[in-house]
Amino acid sequence: MTHLDAYNRSISYLRISVTDRCNLRCVYCMPPEGVPWRPHEEILRYEEIETVVRAAAELGISKVRLTGGEPLVRLGIVDLVRMLACIPGIDDLAMTTNGVLLSRYAPALAQAGLQRVNVSLDTLRPERFQHITRLGRLDDVLAGIEAARQAGLEPVKINTVVVRGMNDDEVVDLARKTMEAGWNVRFIELMPVGNGVLADEECQDNVVTAAEIRQKIEAALGALEPAKVSAGNGPSRYYRLPGAKGTLGFITPISEHFCYRCNRLRLTADGQLRPCLLSDQEIDLRTPLRQGAGVSQIKTLLLKGIESKPLQHHLDECWMPGNRVMSEIGG
Ligand code: SAM
C-alpha cells in the first residue's frame, strides 16, 4: 500500500541518481569545465541503493527510475539493474540517459530487467548537438534510441528541453518524428536550477512555454488530439498529431506546475533523500546506511521524507534551489 503525504498525495515513485558524473556538458546543465565530481567514497554503493529500494518497496513505492549524471557511465550499472529488478514490489524499472552509450548497453540492460528508457535529446542537427552537449555526437544517440527499441526497452520516450535561441526553432522537426519514425517526444520547460549557465537573473527569460511550443506545432502540422500512453504516470500531458504513431508530451514545471499530483521522492548520488526536486530540503541516508541501518530504519527515514514533502515549488517567486546542480539530483 502506498503512503500519503501531508497533502494527500500518494508517493509511489523513487528517482535515483546513481552518479554525479556525466559524459556530456549540456550548456543549460553544466559550465564548460564541468562541476567537481564527488569522491567515490561519497557515492552510494550498489548494496546501499538496494537497501533503500527494498525499504521503498515495503512502503508501496513501485516505480524506480535510474538517472544521473549519466547512469551508463557508472561501472557495473547492469548489475545494479539486475539487483533492483528482482525486488518484490518494484514493477516499473526505468532509466533516463543521454543515450550516448545506449547502443552498447541496451541488450544487457533489457536482459537484466530494465523495462524502458527515456533518452534526452535536444536537437536533430549534428553540429548543434555538439554545440549544446559540448562533447557528444548525435549519431551515437540515434543509434542508442534504435538499439533500445530493438531490445524492447519500450516505449522509448525522447525528452527535449526547449531553450529560447538554442533549439526552439526545431520543435516542429522534432514533432514530425512522431509521424515519420513513431517517436514519443516530450517537450520540457527549462528550470532555473543550480545556477546553470542559462539560469540568469531575469529568472525565466530562456523559458519557452508549452503553450508556445504547441502553437508552433499546430500551425505547421495540424491540431493535436489528446492521447494516452501505455507506461508511466509522470507529469506529462500527451497528445498525438493526426495519424501519427508516436505521441507528443508537454512537461510544464514553469507555466503550469504539477506539484499537486507529484508522486516522487529523489535520492542523490551521495545518498541524500530529496522530497522535492526544487527545494533544498534533504534527509541524509548515507550516514545511517554506513552505520549499519537496515531496511526498517531506512523505511523510517523515507517516511520522514514523505511526511515533510513540500506542497509546491516556488519558482514563480524566483526562488530556486541553490545547493545542487541538476546532474547531482538527476532531473
Ligand atoms: N544524463 C541523463 C540524461 O541526459 O538524461 C540523466 C540526467 S539529466 C540531468 C536528466 C534530464 O534533466 C535531461 O533530460 C536534461 O535535459 C534535464 N535537465 C537538465 N537541466 C535542466 C534544466 N535546467 N531544466 C529542465 N531540464 C533539465
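One-based numbering, in listed order, for ligands and for the atoms of each. Please read all numbers here as calculations on a predicted model, not as lab measurements.
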Self-check item: Protein heavy atom under 4.0 Å of atom 8 (S) of ligand 1
Solution: no
Exercise. Just jot down the ligand 1 atoms closer than 4.0 angstrom to any heavy atom of T67, in number order.
Key: 6 (C), 7 (C)
Exercise. Within a distance under 4.0 Å of any heavy atom of G69, pick out the atoms of ligand 1 and give their elements.
Key: 1 (N), 2 (C), 6 (C), 7 (C)
Quiz item: Where does L190 meet ligand 1, judged by heavy-atom distances below 4.0 Å: at the side chain, the backbone, both, or neither?
Solution: both
Quiz item: At what distance is the nearest protein heavy atom to atom 10 (C) of ligand 1, and which residue and atom is it?
Solution: G330 O, 3.7 Å
Quiz item: Are Y239 and R237 linked by a side-chain donor-acceptor pair shorter than 3.5 Å?
Solution: no
Quiz item: If you measure from the Lys or Arg side-chain nitrogens to the Asp or Glu carboxylate oxygens, is any gap between E218 and R214 under 4.0 Å?
Solution: yes
Quiz prompt | Check: N184/T247 side-chain N/O donor and acceptor closer than 3.5 Å | solution = yes
Quiz item: Taking atom types as modelled, is there a side-chain donor on T2 or S10 under 3.5 Å from an acceptor on the other?
Solution: yes
Self-check item: Nearest neighbour in protein (non-hydrogen) for atom 14 (O) of ligand 1
Solution: S120 OG, 2.7 Å
Quiz item: Is a side-chain donor or acceptor of R9 paired with a backbone partner of L311 at a separation under 3.5 angstrom?
Solution: yes
Quiz prompt | Beyond-backbone contact of Y28 with D122, side-chain heavy atoms, under 4.5 angstrom | solution = yes
Self-check item: For M191, the ligand 1 atoms whose distance to one of its heavy atoms is below 4.0 Å
Solution: 22 (C), 23 (N), 24 (N), 25 (C)
Quiz item: Considering the options N23, T96, N98, T19, which one meets the side-chain hydrogen bond (donor to acceptor under 3.5 Å, both in side chains) requirement together with E70?
Solution: N98
Quiz item: Where is the nearest protein heavy atom to atom 12 (O) of ligand 1: which residue, which atom, and how far?
Solution: G331 CA, 4.0 Å
Quiz item: Looking at C29, which atoms of ligand 1 are within less than 4.0 Å of one of its heavy atoms?
Solution: 19 (C), 20 (N)
Self-check item: Contact partition for T97 relative to ligand 1, non-hydrogen atoms under 4.0 Å
Solution: backbone
Quiz item: Any donor-acceptor pair under 3.5 Å linking the side chain of E189 with the backbone of A210?
Solution: yes
Self-check item: Residue, atom name and distance, where the atom is the protein heavy atom closest to atom 27 (C) of ligand 1
Solution: M326 CE, 3.7 Å
Quiz prompt | Within-cut-off N or O pair, Y28 and ligand 1, under 3.5 Å | solution = yes
Practice problem: Give the residue, atom name and distance (to 0.1 Å) of the protein heavy atom nearest atom 17 (C) of ligand 1. | Solution: V161 CG2, 4.1 Å
Quiz item: Looking just at side-chain N and O atoms, do R164 and N206 make a donor-acceptor pair shorter than 3.5 Å?
Solution: no
